[in-house]
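To start, the structure itself, in structure tokens.
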Protein chains: 2
Amino acid sequence: MTTQHQARAGRPRSEKAEKAIIEATLDLIAEGMGVAELSIEAIASRAGVGKTTIYRRWANKEDLVVDALATLREPLPPLAGESVRDDLIALLDVVRREAGQRRARCVMNVAMGETDRSKRVSERFFKLALEPRRVAMRRVLGRGVANGELRPDLDVELGMALLSGAMIWFSKWGPEGDLPEDLAERVVDHALEGLVSRR
Amino acid sequence: MTTQHQARAGRPRSEKAEKAIIEATLDLIAEGMGVAELSIEAIASRAGVGKTTIYRRWANKEDLVVDALATLREPLPPLAGESVRDDLIALLDVVRREAGQRRARCVMNVAMGETDRSKRVSERFFKLALEPRRVAMRRVLGRGVANGELRPDLDVELGMALLSGAMIWFSKWGPEGDLPEDLAERVVDHALEGLVSRR
DNA sequence: CCGATACGCAACCGTATCGTTTCGTATCAG
DNA sequence: CTGATACGAAACGATACGGTTGCGTATCGG
């Protein structure tokens with residue numbers, strides 16, 4: 001990642017070791033470790049790897065974490081493209097399901113907690129994990145505005161914040177275990193229809 | 001806080017030292033420290049206090065952090081009570097203003113990051129910093145349902161998640177500096193009116 | 001086979017923190 | 001004044017970690 005010698009000969013770097021290191025890093029984060037508490041020794045021990053093998057590849061802990069976060073590209077759900085409502089539900093339901101997984105939750109915690117510390121870590125996370133979903137959602141909302149399903153004066157960024165923000169809220173402070181299966185649907189319906197009375 | 005000896009005589013504990021320790025703790029958090037990285041020595045040094053003075057009062061770091069968070073009771077804004085819209089804007093505008101303050105932002109980061117680690121810290125924060133606002137907002141929405149301003153079938157908790165969640169989103173991933181002054185107003189209007197086209 | 005490189009492992013030193021103890025001083029009750 | 005307790009400062013041993021080095025082994029190219 002950092003250096004790409006490949007000078008001439010010698011034993012090639014083990015792909016397996018690299019995977020194990022990344023996995024161990026994410027594992028430790030999933031167990032509640034913050035970036036600061038992550039110790040290279042703990043990572044090496046967990047990965048069944050010598051410390052040297054880590055230092056050979058990454059200059060410091062932050063670089064390692066950044067690369068670890070880079071492996072988090074969750075696939076986007078397929079979007080039917082029939083209605084704005086269905087597509088939004090599909091997008092938000094990914095978030096609902098992730099909220100039940102400790103690993104995804106802890107990674108999110110770490111990334112959010114790092115916003116006021118390491119720009120590199122938080123920006124990397126935002127770009128890799130959040131931005132693709134935001135692009136998809138922006139397209140869905142934009143299409144809705146274009147075809148008249150949504151208000152012509154809709155502030156798309158604000159609408160995304162309403163929808164995503166509600167899911168984040170429930171992920172963080174919702175019920176203990178899994179979130180209710182119909183949560184995404186209800187969030188979308190409330191957001192689309194609004195809170196005011198129509199009589 | 002932890003022990004209340006007050007046996008008979010002797011020099012009384014300095015109220016000033018206690019304040020200074022709590023302040024130093026919050027200061028360090030505001031500078032980006034996580035709970036794990038907080039060192040008692042750094043706190044003592046920052047507070048101009050001996051380590052013994054800290055250990056005399058708190059058995060461990062977590063207890064100290066819990067007590068520090070207990071000092072965060074921000075006052076609620078006055079609510080006119082005229083319209084649901086105005087009251088919601090007043091409530092959310094507190095969040096907008098706090099998003100511009102590094103201290104409030106970092107404390108929020110720490111508290112959110114701690115949800116999967118220390119129940120005590122995160123619950124304390126939720127109860128002291130979040131719950132009072134939630135009570136106020138719940139009352140505003142409940143009143144709106146009762147007097148017909150809001151949909152009779154409104155899910156109040158879900159409505160709160162939409163509104164608060166959007167503000168949290170912008171706090172975390174919005175523009176660098178202060179948030180736009182009309183943000184709360186726009187969030188409330190989009191949430192109340194909904195995203196769908198009306199005609 | 002040989003040279004080069006990567007591997008896991010262990011040892012090392014320097015630093016940081018923890019929690020405790022000791023010191024001399026300051027401030028209370030009686 | 002006396003005794004009791006808190007104070008800030010300093011030092012302590014113990015532990016953990018970082019980053020480096022050396023070792024013997026494993027695996028590549030030529």
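Letters go in sequence order (proteins before strands), and every chain restarts at 1. These figures come from a predicted structure and were not determined experimentally.
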Tell me: CH2 of B:Trp58 to P of C:dC18, nearest whole Å? 15 Å
For A:Lys51, what residues pass the side-chain contact (heavy atoms from CB on, under 4.5 Å) criterion, not counting sequence neighbours? A:Ile40, A:Glu41, A:Ala44, A:Tyr55
In whole angstrom, what separates A:Lys16's NZ from D:dT27's C1'? 13 Å
Every protein N/O lying under 3.5 Å from an N/O of nucleotides 15-18 of chain D:
unit_1, atom_1, unit_2, atom_2, d
D:dG18, OP1, A:Ile40, N, 3.0
D:dG18, OP2, A:Ile40, N, 2.9
D:dG18, OP2, A:Glu41, N, 3.2

For atom CZ of A:Arg13 and atom C1' of D:dA26, their distance in whole Å: 16 Å
Rounded to the nearest angstrom, tell me the gap between atom CZ in B:Arg57 and atom C1' in D:dA6. 8 Å
Test item: B:Lys61 side-chain N/O and B:Ala36 main-chain N/O as donor-acceptor pair under 3.5 Å: yes
Might you point out which heavy atoms bring B:Thr53 and B:Val49 nearest each other, and give the distance in Å? CB-CG1, 3.6 Å
Please report the distance, rounded to the nearest Å, between CG in B:Leu28 and P in C:dT17. 11 Å
With rounding to the nearest 0.5 Å, note down the distance linking CG in B:Asn109 to CG in A:Asp116. 5.0 Å
Is the phosphate of D:dG8 approached by B:Thr53 (side-chain N or O, under 4.0 Å from OP1 or OP2)? yes
Show the numbers, then the answer: is there a salt bridge (charged side-chain N to carboxylate O under 4.0 Å, His left out) between B:Arg124 and B:Glu62? CA-CA 11 Å; B:Arg124 181 79 163 230; B:Glu62 191 179 296; over 6 Å; no
Between atom CD1 in B:Ile43 and atom C1' in C:dG19, what is the gap in whole Å? 14 Å
Salt bridge A:Arg46-A:Glu31, side-chain N to carboxylate O under 4.0 Å: yes
Base, sugar-phosphate alone, or nothing: which one does A:Thr52 contact when heavy atoms must sit under 4.0 Å apart? base
Nearest whole angstrom, please: distance from the P of D:dG8 to the CD of B:Glu18. 12 Å
